[in-house]
Number of protein chains: 2
Amino acid sequence: MLIQIEPQSDVPIYEQVTRQIIEGIAKGEMKPGDMLPSVRNLAADLGVNMHTVNKSYHELEAKGILTIRAKSGAIIRSAEERTLTPEQLKQIEKNLKPVVAEGMVLGATANQIEHMMKKVFADLQVLTEGM
Amino acid sequence: MLIQIEPQSDVPIYEQVTRQIIEGIAKGEMKPGDMLPSVRNLAADLGVNMHTVNKSYHELEAKGILTIRAKSGAIIRSAEERTLTPEQLKQIEKNLKPVVAEGMVLGATANQIEHMMKKVFADLQVLTEGM
DNA sequence: ATTTTTGTTATACTTAATATATAACAAAAA
DNA sequence: TTTTTGTTATATATTAAGTATAACAAAAAT
């Protein structure tokens, strides 16, 4: 799985790492049970500090996506281990809201945003039959 | 229009102001042509510094949502004045992607995310007939 | 059993972002 | 003419982000 960092971005490095790992899992490039590279190895690959990657892994653990086994490594949790809580659903909705609102105010129609959603799903290789 | 600041939030105050103004416009609580309160007045209302509100207004101007007339005030641009550029569409898609990906990885189905989208639209009073 | 690798913890430092405080300026509006 | 407005400038404090380095103890590999 390829992770690319944009040093100039307004998105913090640890957040870029977090997002790209999530995308990698969504795309099936990484599967539940898979081990992530060690924080030292990934940091060396990306040319960033160990603690930056470590922060990302812990963010992913807080989101319930990883399990970090102390002094051993980080494993991607399976969908069975993950319980989509009502709180998480609310959080997703909370994240969705400002993006959609900005799109609407900028002049995008509901259908255009709908279309963008499907493009994102397609990029993540998610089946959208019958939607 | 009511704006409420959460001082404890991880979202910066100026960003909270920006988002809530965008939501207000999306909901129709503020219409194109309307003048926003002066940076000093809004800052006093919210109990924050003048420059914090000023930063938010300039962020909104950079997004193409406001026009700031020097030493006069800020006006909400009309949809006609706003041209939804391909760059803006790409930006919206770019904003949408991590939110959707996280939802998927957490175990939400495409239909669940679809449903959340409609809830957000409903909250913003957007017509979604025939979608 | 020993060596290597691992996440963890701690300390120190730098830079940038966020937010406030205060003041002055010049143009617009009242 | 006075008040209000965004603008600009300076200064300060706090927090976030990122790096650097080191040491520790447990896990894994040899």
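Chain identifiers are assigned alphabetically (A, B, ...) following the order of the sequence lines, protein sequences preceding nucleic acid strands; residue numbering begins at 1 within each chain. Every heavy atom of this structure was used, including side-chain atoms; hydrogens, water molecules and symmetry mates were not.
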Val105(B)/Glu102(B) under side-chain contact (heavy atoms from CB on, under 4.5 Å): CA gap, chis, key distance, verdict
CA-CA 5 Å; Val105(B) 170; Glu102(B) 183 174 335; 5.9 Å; no

Just how far is it from atom CG of Leu96(B) to atom CD1 of Ile113(B), taken to the nearest 0.5 Å?
9.5 Å

Atom-pair distance (CD1 on Ile13(B); P on dT14(D)), nearest Å:
15 Å

Provide, to the nearest angstrom, the distance between the CD1 atom belonging to Ile5(B) and the P atom belonging to dT18(C).
14 Å

Could you give the CE-to-C1' distance, from Met35(A) to dA29(D), as a whole number of Å?
13 Å

Measure the distance from CD on Gln8(A) to C1' on dG18(D) and round it to the nearest whole Å.
15 Å

Inter-end axis angle, the helix from dA1(C)-dT30(D) to dA30(C)-dT1(D), with every axis fitted to five base pairs (rounded, 10 degrees)
40°

Do Tyr57(B) and Thr18(B) have side chains that get closer than 4.5 Å, going by heavy atoms?
no

Close side-chain approach of Ile75(B) and Leu66(B), heavy atoms under 4.5 Å:
no

Are Arg82(B) and Ile76(B) packed together at the side-chain level, in the sense that at least one heavy-atom pair is separated by less than 4.5 angstrom?
yes

Residues from residues 53-71 of chain A sitting under 4.0 Å of DNA chain C, heavy atoms only?
Asn54(A), His58(A), Ile68(A), Arg69(A), Ala70(A), Lys71(A)

Between dA28(D) atom C1' and Arg40(A) atom CZ, what is the distance in whole Å?
14 Å

Interface with DNA chain D, restricted to residues 42-52 of chain A and to heavy atoms under 4.0 Å:
Val48(A), Asn49(A), His51(A), Thr52(A)

Assert: residue with more 5' nearest nucleotide on DNA chain D, out of Val11(A) and Pro37(B), is Pro37(B)

Just verifying a value: how many Å separate Gln20(B) CD and Leu2(B) CG, rounded to the nearest 0.5 Å?
8.0 Å

Heavy atoms under 4.0 Å, any strand shown: does Asp10(B) hit a base, just sugar-phosphate, or nothing?
nothing

Can you find a side chain N or O atom of Tyr14(B) that sits less than 4.0 Å from OP1 or OP2 on dT18(C)?
yes

NZ-CE distance between Lys27(B) and Met104(A), expressed to the nearest 0.5 angstrom
13.5 Å

Residue pair Ile92(A) / Gly103(B): nearest heavy atoms and the distance that separates them
CD1-CA, 3.6 Å

Looking at Arg19(B) and Glu15(B), is any side-chain nitrogen of the basic one under 4.0 Å from a carboxylate oxygen of the acidic one?
yes

Can you measure from CE (Met50(A)) to CG (Asn41(A)) and round to the nearest 0.5 angstrom?
12.0 Å

Any salt bridge between Lys97(B) and Glu93(B), counting N to O under 4.0 Å?
no

Phosphate OP1/OP2 of dG6(D) contacted by Ser72(B) side-chain N/O (<4.0 Å):
no

